[in-house]
Amino acid sequence: MSSDHRLALDNCIKCSICVSHCPVARVTDKFAGPKQNGPDLERFRLEEPAAVHPSIGYCTNCKGCDVVCPSGVAVSAMNCRARGEYVSLHGAPLRDKILARVDRMGRAARLAPSLVNRLAGLRPLRLLAEKMLGISAAMTMPRYAKKTFLELYKPKNIGDTGRKVLYYPGCYVNYNAPEVGLALAEVLAHNNIRVEVEQFDCCGLPLIANGLLDTARDQAKKNLAKLQGYINRGYDIVTTCPSCHLTLRQEYRELFQLNTDPLHEKMLDVFEYLSVLLQQGKLVTRFEELPLQVGYHQPCHLKAAGCGVPSREILQLIPGLRVADLDAGCCGLAGTYGFKKEKYAISQAIGRNVFNAVKELGVRQVISECGMCQLQIHHLTGVAVYHPLQVLAQACGPGKWLAK
Amino acid sequence: MNKYTDVLIIGAGLSGLMAAAKAAELGKKVTLVAKGMGAVGLSSGCIDLWGYNLEDPNQVCQDPLAEIARLCAVNPQHPYARVQDVLEESLLFFRRVCQENGNPYLDHRGGNWLLPTALGTLRPTYLAPASMAVGDLQQVRGVLVVGFRELKDFYPDVLAANLKKSGVLQADCPLNTLMVCAGGGELTPNTLAHRLENPAVVDRIVDQIKPHLLPGAVLLLPPVLGERWDSQVAKNLAEKLGHPVYEVANIPPALPGQRLQQMLLHHVKGQGVEVVIGCTVNGARVADKRCTEVLATGAGKPIKISAKTVILATGSFLGGGLESKPGKAWESIFRLPVEIGHEKWSARDFLSMAGHLFNQMGIKVNEHLRPVDKTGEVIIENVMVTGANLAGCNHPIEKCGNGVAVASGYKAGKLAGEVGE
Ligand SMILES: Cc1cc2nc3c(=O)[nH]c(=O)nc-3n(C[C@H](O)[C@H](O)[C@H](O)COP(=O)(O)OP(=O)(O)OC[C@H]3O[C@@H](n4cnc5c(N)ncnc54)[C@H](O)[C@@H]3O)c2cc1C
Ligand code: SF4
Ligand code: SF4
């Protein structure tokens with residue numbers, strides 16, 4: 001055990017603040033909670049890896065525990081490693097291996113996206129998948145786009161500002177929500193900045209969350225090498241998915257001991273990037289009026305990035321737009337978690353606060369940066385859910401960015 | 001990343017949240033960053049102001065505000081001496097915020113409440129959430145202590161036996177206990193509180209309690225009646241039973257403190273405060289006695305924050321605001337000098353109950369809450385210090401932790417609000 005690791009363990013003062021904030025432990029007694037599964041059991045696991053308790057699978061990796069811990073204990077990383085150990089000892093169910101490969105599912109769906117969408121809506125098929133595989137029949141499946149973002153995106157010829165921007169879209173934007181990537185290009189074009197794109201591997205978060213650490217590590221190395229290449233050539237890297245962002249920047253370091261320092265400086269959430277422009281007086285702040293009242297849901301992995309809500313400042317520049325914070329905690333989906341039959345009810349119980357907040361505020365549109373949060377909020381409430389970039393793109397000019 | 005703001009508050013404990021609420025109300029752009037959550041979520045949820053008599057520490061103090069006025073005269077080093085001017089104002093502000101958010105806090109006719117704990121002892125406190133504010137136990141005509149089979153750490157029989165011993169109840173007051181079942185399993189207070197948000201579960205609890213109710217009885221339960229600050233569980237339970245229902249103070253994690261924390265966070269966000277938890281401040285740049293920039297990291301990423309006023313609400317050793325090695329202690333961000341106790345008090349009777357010295361350690365400030373050195377000279381002009389960070393109080397013994405946090409946080413927010421453009 002490294003001295004860092006020991007330190008992280010000894011930092012735990014057993015205050016239970018993490019337990020009182022864990023969304024899973026809040027709604028079910030099937031999960032012992034972050035303190036017990038994290039620092040308490042880690043001691044035993046370090047001596048005896050087989051000591052991993054199977055209930056570790058109930059952790060959603062939302063990272064709420066890390067955020068609230070007053071002593072800086074990286075509880076969720078301990079849980080991820082433990083889940084990895086459990087899976088390497090006992091194997092993962094086929095279902096988890098399928099769900100964890102969102103990139104492969106995306107590529108497979110390419111063959112006939114509308115057919116896949118139609119099949120995903122067929123009740124008998126879904127019941128069969130629930131029975132055979134354990135994929136909840138009740139959960140709304142993400143829809144696949146007719147064309148991927150990489151297919152759709154055509155770089156425009158724009159006046160050269162000398163700024164070099166590479167976009168890491170992530171699987172969800174590429175296969176399911178290309179409009180978010182296009183909105184990004186639109187917003188940056190509004191500022192005369194051209195976006196480069198490139199085919200990356202999946203960031204690996206779904207693999208990590210399902211305990212398939214070896215594959216995730218391989219992808220991490222490939223992604224980092226590619227990103228480093230762009231950084232060396234003077235690029236800024238922007239992301240629109242908070243989970244990809246956190247995985248690239250934090251999980252690669254915490255779980256795989258890879259050096260992510262260059263990313264801390266050079267990789268930015270798109271709204272952080274726009275804030276930097278604003279601070280330099282370079283942001284084009286000519287926005288059209290948008291008389292809209294929307295609710296905002298902060299994804300857990302954006303919270304965990306410890307940088308606040310980067311979109312706040314920028315969206316405040318749009319005349320007419322009013323953004324009300326739902327402030328309702330975790331939505332409960334946690335990527336692949338809420339699709340699992342035995343976890344669906346937990347996931348929905350966690351998301352209940354989001355449902356209540358949407359109802360209380362009476363908003364008919366919600367914005368949130370994470371594609372999975374968007375899916376869950378729509379599933380819970382039926383309201384339209386967008387990425388904040390789509391709202392911003394709408395304020396930048398014509399185009400129909402908020403039609404669904 | 002750089003951030004610019006009028007008022008930067010470091011720390012999301014009670015004092016930081018109070019400062020944020022006040023500065024935002026005064027129209028300032030406020031950013032609050034914190035490494036993690038504060039101690040208020042671990043506290044009973046009650047606001048202690050001053051527990052016992054200065055002269056006779058075995059006597060519960062009847063008039064905390066008057067006692068604090070006397071304290072400030074005999075011990076001008078106590079944090080209350082720096083905030084006495086706003087003490088009552090701060091409590092009114094706190095109560096207004098709680099009221100507006102549907103989580104009213106009640107005082108006991110200006111004196112101390114004497115509230116039962118899970119151990120059956122009686123604990124003085126100044127403000128209690130409505131769900132905990134048991135009136136005069138001397139006058140009740142019966143007590144029923146109700147525990148849950150699912151919950152460890154709450155034994156009705158222990159509570160009842162000690163409450164009887166305390167002599168606070170009338171000799172003929174019936175005192176009974178009951179264990180009820182909320183659906184089985186072994187639950188944490190949070191999970192149980194979540195379960196009780198389901199009206200059907202409350203109905204089943206009501207059915208179990210009803211046969212044991214004596215006329216006029218008051219019910220005492222563990223602090224699990226409601227997940228959120230605006231929860232209706234305690235109220236609904238009381239209505240369905242037709243008897244008053246109260247939560248007693250218990251060891252952490254208990255819900256009333258968490259509710260207060262969540263409510264205040266929700267309130268300041270609603271006031272437009274930017275709240276960033278999971279962001280650790282590691283250092284600061286200071287030039288000409290002014291803090292020009294605070295250096296923080298969020299998930300490893302460096303963030304620089306510039307602010308006109310910085311409020312240091314980082315708590316003491318528990319929260320990480322102060323650090324120590326044997327024989328040495330320091331403040332962790334600005335390296336402000338830390339006072340290590342003071343002898344003057346040991347002559348006084350009050351110290352017969354002296355607690356740990358480390359509780360008294362902290363940063364010395366002037367009447368504007370600016371940190372000062374031994375000679376009283378201000379060390380950094382645009383920094384203010386609040387809460388458990390302040391030198392000279394011993395909250396577990398004096399029963400003043402949340403009180404000092406409320407008053408000093410409020411004052412810092414108010415002073416920050418007065419800073420011109
Ligand atoms: C277990 C317990 C029970 C208590 N019960 C009661 C009670 O019943 N009644 C009562 O009146 N008082 C009680 N107290 C005392 C009272 O709660 C505290 O004195 C008071 O809440 C302190 O508030 P604070 O804002 O000063 O600091 P804290 O609540 O300690 O908050 C400090 C904040 O600063 C943050 N922080 C620290 N260092 C950094 C950094 N470098 N960068 C960023 N952020 C940082 C922390 O993460 C935290 O958010 C209790 C205390 C404890 C520990
Ligand atoms: S991990 Fe952190 S929050 Fe959880 S018990 Fe330990 S110190 Fe407290
Ligand atoms: S990561 Fe989330 S679900 Fe897992 S232990 Fe931490 S708070 Fe609980």
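- Most heavy-atom pairs under 4.5 Å with chain B: of the set A:R312, A:Q250, A:K303, this distinction falls to A:R312.
- Nearest heavy atoms, B:G184 versus A:D29: O-OD2, 4.4 Å.
- Your options are B:T188, B:N190, B:T191, and the one with the most heavy-atom pairs under 4.5 Å with chain A is B:T191.
- Under the 4.5 Å side-chain criterion, counting only non-hydrogen atoms from C-beta, B:M1 is not in contact with A:E265.
- Looking at A:T260, neither its backbone nor its side chain comes within 4.5 Å of chain B, counting heavy atoms on both sides.
- Residues B:I303 and A:G306 share a closest heavy-atom pair of CD1-O, 3.4 Å.
- In this structure, B:K301 contributes its side chain and A:M267 its backbone to a donor-acceptor pair below 3.5 Å.
- Contact annotation for A:D261: neither backbone nor side-chain heavy atoms come within less than 4.5 Å of a heavy atom of chain B.
- Looking at A:V27, the atoms closer than 4.5 Å to chain B (heavy atoms on both sides) sit in the backbone and in the side chain alike.
- With a 4.5 Å cut-off on non-hydrogen atoms, A:E272 touches chain B through its backbone and its side chain both.
- The shortest heavy-atom contact between B:G298 and A:R249 is O-NH1, 3.7 Å.
- Interface remark: of the candidates B:T297, B:I277, B:L265, B:I277 forms the most heavy-atom pairs closer than 4.5 Å to chain A.
- Highest contact tally toward chain B, considering only A:C15, A:S20, A:G308, is held by A:S20 [criterion: heavy-atom pairs under 4.5 Å].
- Using a 4.5 Å cut-off on side-chain heavy atoms (C-beta onward), B:R228 and A:N353 make contact.
- Judged purely by atom type and a 3.5 angstrom limit, A:S16 has no side-chain atom pairing as donor or acceptor with the backbone of B:P253.
- Between chain A and the residues B:R195, B:E186, B:E227, the most heavy-atom pairs under 4.5 angstrom are made by B:E227.
- Under a 3.5 Å cut-off, the side chain of A:Q279 and the backbone N or O of B:N2 do form a donor-acceptor pair.
- Listed options B:E274, B:E150, B:E197 were ranked by heavy-atom pairs under 4.5 angstrom with chain A; first place goes to B:E274.
- The 12-atom threshold is not exceeded at NZ of B:K325, counting heavy atoms of other residues, nucleotides or ligands nearer than 6.0 Å.
- Contacts of A:E313 with chain B are made by side-chain atoms alone, with heavy-atom separations under 4.5 Å and no backbone atom involved.
- Residue A:H245 touches chain B through its side chain alone, counting heavy-atom pairs closer than 4.5 Å.
- Looking at B:M37 and A:P70, their side chains never come closer than 4.5 Å, going by heavy atoms from C-beta outward.
- Atoms NZ and CG, on B:K269 and A:D327 in that order, are 3.5 Å from each other to the nearest 0.5 Å.
- Each of B:A34, B:G300, B:G38, B:G320 has some count of heavy-atom pairs under 4.5 Å with chain A, and the biggest count is that of B:G300.
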